[in-house]
Colleague: 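Okay, handing you the structure first.
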Amino acid sequence: MDSKNPSRRPVQTPPPVAPGSDASAADPLLASLNPAQREAVLHDDGPLLVIAGAGSGKTRVITHRIARLIRDGTAADGILAITFTNKAAGEMRDRVEALLGVRSPWISTFHSFAARLLRRHIYRLPPYSTSFTIYDEEDVEALLREIVRGMDLDPAAWAPRSLAAKISMVKNKGVHDAGELPLRGRYEDQVFQEALARYGRGMQERNALDFDDLLLLTVRLFTTPSDLLDRYREQFRYVLIDEYQDTNFVQYRIGHALTEKSRNLCVTGDPDQSIYSWRGADPSNFRRFETDYPEAHRVTLDQNYRSTRRILRCANAVIRHNSDRQPKDLWSENPEGERVRIRRFADGREEAAAIAARIQELNDGAKPAGAIAVFYRINAFSREIERALILSGIPYVVVGGVAFFQRREVKDVLAYLRILSNPRDSQSLLRIINTPARRVGPAAVDRAAERAATARLSILDVVLSEAHRGTFPSAARRGLDEFAAIYRQLHALPRSPVFSLVEAVLASTNYVQHIQRSEGEEANERIRNVGELENAAAEYDDRVPGGDLDGFLSEIALLTSVDRWDDRKDRVSLMTLHSAKGLEFPAVFILGVEDGILPLGRSRLNPDAADKADLEEERRLLYVGITRAREELMITHTRERLRFGRPAPAFPSGFLEEMVDHDSEPGIDAGGAVELGKGSRGASGGLRMEVEDSPNDFNSDDGFGGDGDDGDDPFPPGARVRHPRYGEGTVVGGWGLGARRRLTIRFDRAGEKQMVLGFAKLMRIW
DNA sequence: ACTAACTTAATTTTT
DNA sequence: TTAAGTTAGT
């Protein structure tokens, strides 16, 4: 974390000086490091593997190592450092510069590195050209939708989204062309192969790359015979890769290609924090590293400087339940700290209100809003907490969520810029050819696409050509004329500053007026967003000397969800657990820790749905969340959750029971749960969890509401319920526990039915 | 070709 | 609940 906000400065205390290391102690780059950290910083040539637990000062090690390499004679541009977010890259750059007062080396994400490399060299990989466009998910899905239509496939069975995911998975394994797919005879495989082939051709025609292409084509640049790889190997004497547990195979190959000769690859990470395997990340890259670099030196950092001991015990207790891991417990010399609070609420509203209330208390104490974060598993859960914070007048910022650059109005304006940059980007062209509306409908678009195909021209060429345009019906023709005029006017402008280009787009299209006309209440917000885009362009012009349109477009395409987050402002930060990776806050709230949410899916009622690997990744996600907290941690769940606007019963996550550290004194406070807690039936589970205040059913045998008749059962016999299909009825019996509980319900009209609580969309009436 | 009214699907997580 | 996609009427 950056230290601009004093409330979030790392709590690292200077560790004791290692015995017999006077020389080291005198070195300012080593003075504040513990022996293991020093070892990593001082390690000279050759591969280095740093297993760094949460809060163990990993970033410190990396920055100090870079600084040391430079001080000891390595040229700054002889070092390449890869981080997980652009924000982390920026902070690392600042830190290195602060340590040495020199220009920092090349630090960026894999994707940004690849984009920069490709801008320079992609001409070697025809038909791509330097002004390629980076497609985001939406662009990719739009193209796939077209392909699915073109292949006459059932759009339900071949949803663009899952198709995109599948394509990405394949690419992450290193397959780029359909021809490289292992051939099997199954119909689905053949269809997939054909779709992939069409997708590849479509992207090439458009001179467009998706996120995976950036990496894959970089590998291809390096493996296509030329002097290029040698040149970069020569340049990057040292390569460092952070968050190694979340790199994929293609990224591995990039790192390996660069360092196969020099052997100077340093990787840092923590297998317990691997949370992106769904995106192709492959933690076995650690193993691969040790195979490919058998001489690697290994350093483990397990002293935590961030969290209180209670928080750490909670984290250790959770992660210990993962079987697929090397045992590793974090330890700390930090104070014991406050108890970790686990709280249950009736519904999301109460949960949010309670969190807001606690935040208020913290604000009144020593913790400003900027010291506090709220994490959730899915973005949709930000709503309720936002509402509560607004109600309490607490300033907040949602990190990530619906990304700014994905907003419709922003993408429209960007589409004008993209078609300027890359005339082959027909996806962008089609987006704006009739936006603002100029009477160019689907029929005209189809026709233009057809003519383009037969004349072997781009659609833009057809639109720009007087001759082709003349063949359209008069209304569409006038619209196309108008578009062509706008395009020509914009095209004549210089490619920088970008700000002027944005202005020109807005002016020539009357875009703001268009918003006012077509949008109702949201018009103002959308206009504000367009204004923010102007700011972003101006800011880019200022910050990047020599930057042009291409640079601006690739930068915003590769922004990570935390990149736009200004952590210097004093606001509560709201984000997903995924976005929380790498961050830390004095106080952390994790909400919605419920079965089916965290772990997401249906693991408890339906253990087969999520396999063990998925479950363990969910557990790591919680572990990441817990270990973000420095002093205060509160974890909440509810008994009822709105699903698609309808209330549905919710059950505590199985992970909650795991938080108890059996081997040491209690660090968890599961008491004080509001209302409802009528007390548990017999705390028979022994010392499962220390509960101080009003005990709730954490103490019962399974951590869930029982099968009995007390206030803990959301649907006791006699309860009246409503079902969307069967109408109203009365619960007459039940069997089983938690979400798996089977209820027998006598419906007034439909008769008696058995249903599983977790699946049935039941609402209690009284 | 455009608009308004309808249906329906979606919730992982993100470069 | 909400957004996006579909259909029917102008």
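Below, read A as the first sequence line, B as the second, and so on, with proteins coming before strands; counting in each chain starts at 1.
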Colleague: Test of understanding: with side-chain hydrogen bond (donor to acceptor under 3.5 Å, both in side chains), list the residues that count as partners of A/Gln251, not counting sequence neighbours.
Modeller: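 side-chain hydrogen bond (donor to acceptor under 3.5 Å, both in side chains) check on A/Gln251 returns nothing, list empty.
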Colleague: Which part of the nucleic acid, if any, lies within reach of A/Asn379 when heavy atoms closer than 4.0 Å are counted: base, sugar-phosphate only, or nothing?
Modeller: sugar-phosphate
Colleague: Among residues at least two apart in sequence or on other chains, which ones pass salt bridge (Lys or Arg N to Asp or Glu O under 4.0 Å) with A/Arg288?
Modeller: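 Once residues adjacent in sequence are excluded, the partners of A/Arg288 under the salt bridge (Lys or Arg N to Asp or Glu O under 4.0 Å) criterion are A/Asp282.
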Colleague: Mark yes or no: A/Arg119 above the aromatic ring of A/Phe132, with NZ or CZ under 6.0 Å from the six-membered ring centre and no more than 45 degrees from the axis.
Modeller: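 Yes, A/Arg119 and A/Phe132 form such a contact.
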Colleague: Can you tell me how far C1' of B/dT15 sits from CD1 of A/Ile241, to the nearest Å?
Modeller: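 Atom CD1 in A/Ile241 sits about 15 Å away from atom C1' in B/dT15.
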Colleague: Looking for any heavy atom pair under 4.0 Å, which part of the strands does A/Phe381 touch: base, sugar-phosphate only, or nothing?
Modeller: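 Touches nothing.
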Colleague: Using heavy atoms to find the nearest nucleotide of DNA chain B for A/Leu642 and A/Phe84 separately, return the residue whose nucleotide is more 5′.
Modeller: A/Leu642
Colleague: Would you mind reading off the distance between A/Tyr276 atom OH and B/dT15 atom P, rounded to a whole angstrom?
Modeller: 6 Å
Colleague: Ring centres under 6.0 Å, that's the criterion: do A/Phe84 and A/Tyr276 meet it?
Modeller: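 Here the rings of A/Tyr276 and A/Phe84 have centres that are less than 6.0 Å from each other.
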Colleague: Check every strand shown and say whether A/Ala557 touches a base, only sugar-phosphate, or nothing at a heavy-atom separation below 4.0 Å.
Modeller: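 No contact at all - A/Ala557 keeps every heavy atom at 4.0 Å or more from the nucleic acid.
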Colleague: Is A/Arg145 touching bases, backbone alone, or none of the nucleic acid, heavy atoms closer than 4.0 Å?
Modeller: sugar-phosphate
Colleague: Where the side chain of A/Trp278 is defined as all heavy atoms beyond and including C-beta, which of B/dT13, B/dT12, B/dT15 is the nearest nucleotide?
Modeller: B/dT13
Colleague: Between A/Arg646 (CZ) and C/dT1 (P), how many Å, whole number?
Modeller: 7 Å
Colleague: Provide, to the nearest angstrom, the distance between the CD atom belonging to A/Glu617 and the C1' atom belonging to B/dT14.
Modeller: 12 Å
Colleague: Mind checking whether A/Leu118 and A/Leu209 have side chains closer than 4.5 Å, heavy atoms only?
Modeller: yes
Colleague: Taking CG from A/Leu214 and P from B/dT14, how many angstroms apart are they, rounded to a whole number?
Modeller: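 Answer to the nearest Å: 19 Å.
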Colleague: In residues 435-447 of chain A, what donor-acceptor pairs under 3.5 Å come from side-chain atoms, sequence neighbours left out?
Modeller:
from     : atom 1 : to       : atom 2 : distance (Å)
A/Thr435 : OG1    : A/Arg431 : O      : 3.0
A/Arg438 : NH1    : A/Ile432 : O      : 2.9
A/Arg438 : NH1    : A/Ile433 : O      : 2.9
A/Arg438 : NH2    : A/Tyr416 : OH     : 3.0
A/Arg447 : NH2    : A/Thr471 : O      : 2.9

Colleague: Would you please name every residue forming a salt bridge (Lys or Arg N to Asp or Glu O under 4.0 Å) with A/Arg383, sequence neighbours left out?
Modeller: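 Scan of A/Arg383 (salt bridge (Lys or Arg N to Asp or Glu O under 4.0 Å), adjacent residues dropped) gives none.
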Colleague: Just jot down the side-chain hydrogen bond (donor to acceptor under 3.5 Å, both in side chains) partners of A/Thr247, sequence neighbours excluded, or say none.
Modeller: A/Asn285
Colleague: Using nucleotides 8-10 of chain C, report all nitrogen or oxygen pairs with the protein that are shorter than 3.5 Å.
Modeller:
none

Colleague: Name all residues meeting the side-chain hydrogen bond (donor to acceptor under 3.5 Å, both in side chains) criterion together with A/Asp481; count only those two or more places apart in sequence or in a different chain, and write none if there are none.
Modeller: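 Per chain and number, A/Asp481 pairs via side-chain hydrogen bond (donor to acceptor under 3.5 Å, both in side chains) with A/Arg469.
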Colleague: Would you say A/Thr576 places a side-chain N or O within less than 4.0 Å of OP1 or OP2 belonging to B/dT14?
Modeller: yes
Colleague: Could you list all N or O pairs between the protein and nucleotides 2-7 of chain B that sit under 3.5 Å apart?
Modeller:
from  : atom 1 : to       : atom 2 : distance (Å)
B/dC2 : OP1    : A/Arg439 : N      : 3.0
B/dC2 : OP2    : A/Asn434 : ND2    : 3.2

Colleague: Test of understanding: with side-chain hydrogen bond (donor to acceptor under 3.5 Å, both in side chains), list the residues that count as partners of A/His468, not counting sequence neighbours.
Modeller: A/Ser465
Colleague: Would you mind classifying the nucleic acid contact of A/Ser579 as base, sugar-phosphate or nothing, using non-hydrogen atoms under 4.0 angstrom?
Modeller: sugar-phosphate
Colleague: With respect to the side chain of A/Ala443, which nucleotide from B/dT13, B/dA1, B/dT15 is positioned closest?
Modeller: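 When the side chain of A/Ala443 is considered, B/dA1 is the closest of B/dT13, B/dA1, B/dT15.
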Colleague: Using the C1' atom on both, measure C/dG5 against B/dT12 and round to a whole Å.
Modeller: 22 Å
Colleague: Among the candidates B/dT15, B/dT12, C/dT2, find the nucleotide nearest to the side-chain atoms of A/Arg383.
Modeller: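 It is C/dT2.
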Colleague: Mind calculating the distance between CG (A/Asp242) and C1' (B/dT15) to the nearest angstrom?
Modeller: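 One finds 16 Å between C1' of B/dT15 and CG of A/Asp242, rounded.
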Colleague: Given that A/Asp563 and A/Arg161 both sit by DNA chain B, which one's nearest nucleotide is further toward the 5' end?
Modeller: A/Arg161
